[in-house]
Structure formats: structure tokens, C-alpha cells
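Okay, structure first, notes after.
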2 protein chains.
Amino acid sequence: MATSSSDIDETEEGLGFQPKFDAAGLVTCVATDAGSGDVLMVAHMNEEAIRRTIASGEAWYYSRSRKSLWRKGETSGHVQRVVEMRIDCDQDAIWIRVEQSGAACHTGRRSCFYRKVEAGEGGARLSFVDADRLFNPKAVYRK
Amino acid sequence: MATSSSDIDETEEGLGFQPKFDAAGLVTCVATDAGSGDVLMVAHMNEEAIRRTIASGEAWYYSRSRKSLWRKGETSGHVQRVVEMRIDCDQDAIWIRVEQSGAACHTGRRSCFYRKVEAGEGGARLSFVDADRLFNPKAVYRK
């Protein structure tokens, strides 16, 4: 079915919250640090994760690898308190500004984005940046 | 094929740039304003868009709707100069900090995230925030 221009107007200019889920029922969610503005992580939410995030004020996600709903910090204690939630023009991406308790990344770093991409002679290379570990993942995630 | 723990180590702790493209050959890219830290947009890059972004220092994306490579600002003039590019732990998401010329959103707003999501009585609702238009999209995108 073709998308009419009034559908687009409603999506882009309306005040109805109508997330456009992909074929797997997910939207992309970017979490940034409410203080520094740094991107902490990029993950996915399904309808239930969005509902619980709004209701609780803490971030819930849907894990594609584990195929399950996931309260951020449920194992590590590193929860995200949501300061503000926004949605983009076409309503297929969500941005949350959060107060991150501890570290967002399962590797122990504050942010999942602890490596910089730079042009090199034989192609792009990575280098570590802001890569100090705030916790030891082996200690936190052991069963 | 199962992913071995040494593959994971290399992906998460190595310095090789090995983006993990999805079935459509894409990774998610988040662009933030290098000054304010605001998320400007969430889009996708394929291998060629990444290559051109690194080579030119300006953001290129892949448009899923138009099925084509796309230099940000090629129509509007609102280019993004890349200050820094990072990749996340599992190398399936890219974060670029950019100097945005003009506005990032095709609706004329500085950021695509110009609406806030808030809990309401009959479910979540949106409200406009930072939603001033910096340009008139009808004037910029007319042919």
C-alpha cells in the first residue's frame, strides 16, 4: 500500500506517538549521557520495551541475540534513568537521554563507543579512546 | 556457524575495523552535533558510504527508501563535516560527531528529534521541542 502524503504529515507533524516498527517489530534506540551528550549505546526496543521504559522511567530494550525483553542493568546493576525520550521525524528511531549508573557497555566501559575510526595507509584502523573499564565484566556477568 | 570467543575478542578488543553489516549490507549510524551533543539523525551506511565518509571527511549515507548512496546535503547544501567517527563494541553501529551546516532534518529542523515522548492518560503523546524550522523544505527540495 502506498504511503499517502497525509500519512507522512501525520507521522512527521502530528502529536500521535506511532512508532514505525520494522519487520521484526523493533525500532532503533540511541541512548546518550544526559550530562556529557556522549552516545552510550545503540540498541533496539519493541512495543513492550517502549511501554515499560515510559512507565518505569528506566530503560528497557529488546535483545535480538537473546530474543528477549531486557531491563538495562538487570544483571550488572547499571541501570539507565531516562531524563527525556524523543522520537525522530519518521518515527522509526528513539533517542533517550539518560543518567547512566556505572557503565553502559557490557565490556565494562562507560560507552560502547570506545574506539575511534581513522584513515590509515592500508585502510581504516581503530584506536582506543575513553576505553578505561569501570568494572570487570568477568566478575559482573559470571553466573 | 557459531561465533567463537576469539572472534568476539577480536571484534570487541581488536583494532581492526570490521563493520558487521546486516543482511541488507548496512550498519546503523548516529550523527550527533559536535558542539551540543544533541542527536541530529539516525541513518544507515553501507560499505561504500563508510569509505566515502572516511575519505572525504563529510557524511555519506545509504538511503533505504531511495535505494541509493547519498551525500548528506547534496540537495539542501546542509552537509555534515565529520569531527570524529567511532564504532561500538560489536561493530554494528557507528557514531559520528559532526559540524552540521544548517539543519539535519528534511523537515527543516536542526535535528530529526524535534518531538518529545511523554506519558499521558490515554497512552504516550508527543510534544514539539526545539522544533523551529531553519529552512522551508518546500523551497529547498522542489525540483
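So you know, we letter chains A, B, ... as the sequences are listed, proteins then strands, and number each from 1.
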Discussion item. Does any backbone or side-chain atom of B/Thr107 lie under 4.5 Å from a heavy atom of chain A? Answer side chain, backbone, both or neither.
Written reply: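 Contact with chain A: side chain only.
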
Fill in: Contact class of B/Ile96 relative to chain A, heavy atoms under 4.5 angstrom
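Contact with chain A: none, neither part.
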
Item to complete: Side chain from CB out, backbone as N, CA, C, O: work out which of these in A/Arg109 comes under 4.5 Å of a heavy atom of chain B, or both, or neither.
Response: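 The side chain, not the backbone.
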
Practice prompt. Please flag which part of A/Ser127 lies under 4.5 Å from any non-hydrogen atom of chain B: side chain, backbone, both or neither.
Written response: backbone

Response to the item:
With chain B, the option among A/Ala124, A/Ala119, A/Gly120 that has the most non-hydrogen atom pairs under 4.5 Å is A/Ala124

Worksheet item: Taking side chain as C-beta onward, heavy atoms only, is B/Tyr114 less than 4.5 Å from A/Glu12?
Response: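 Touching, per the 4.5 Å side-chain cut-off.
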
Worksheet item: Are side-chain heavy atoms of B/Phe113 and A/Met85 found at a separation under 4.5 Å?
Response: no

Worksheet item: With respect to chain A, which residue among B/Val129, B/Thr28, B/Thr32 yields the maximal number of heavy-atom pairs within a distance under 4.5 Å?
Response: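 If we count pairs closer than 4.5 Å to chain A, B/Val129 comes out on top.
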
Fill in: B/Trp95 CH2 to A/Cys112 SG distance, which is reported to the nearest 0.5 Å
11.0 Å

Item to complete: With rounding to the nearest 0.5 Å, note down the distance linking CZ in A/Arg97 to NZ in B/Lys116.
Response: 9.0 Å

Discussion item. Looking at A/Arg86 and B/Asp130, is any side-chain nitrogen of the basic one under 4.0 Å from a carboxylate oxygen of the acidic one?
Written reply: yes

Discussion item. Can you tell whether the side chains of A/Glu13 and B/Arg133 come within less than 4.0 Å, N to carboxylate O?
Written reply: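 Yes.
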
Please tell me whether [X] and [Y] are part of a single hydrophobic cluster in this structure, the criterion being side-chain heavy atoms less than 4.5 Å apart.
X       : Y       : result
B/Val98 : B/Ile94 : yes
A/Trp70 : A/Val82 : yes
B/Ile50 : B/Leu69 : no

Discussion item. When you measure from the side chain of B/Arg115 to the backbone of A/Leu15, do you find a donor-acceptor pair of N or O atoms at a distance under 3.5 Å?
Written reply: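 It does not hold such a pair.
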
Fill in: Exceeds 12 heavy-atom contacts within 6.0 angstrom, atom CD of B/Glu10
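It does: B/Glu10 CD has more than 12 such atoms within range.
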
Worksheet item: Does a sphere of radius 6.0 Å around CD in A/Glu48 hold more than 12 heavy atoms from other residues, nucleotides or ligands, not counting ones at 6.0 Å or beyond?
Response: yes

Response to the item:
Under a 4.5 Å heavy-atom criterion, the part of residues 38-46 of chain B in contact with chain A comprises B/Asp38, B/Val39, B/Val42

Fill in: Considering all heavy atoms, the nearest B/Phe17-A/Leu126 contact
CD1-CD2, 3.7 Å

Item to complete: Over all heavy atoms of both residues, which pair between A/Cys89 and B/His106 is shortest? Give the atoms and the distance, please.
Response: SG-CE1, 3.8 Å

Item to complete: Under 4.5 Å, heavy atom to heavy atom: which of residues 52-65 of chain A reach chain B? Give them by number, or say none.
Response: A/Ile54, A/Arg64

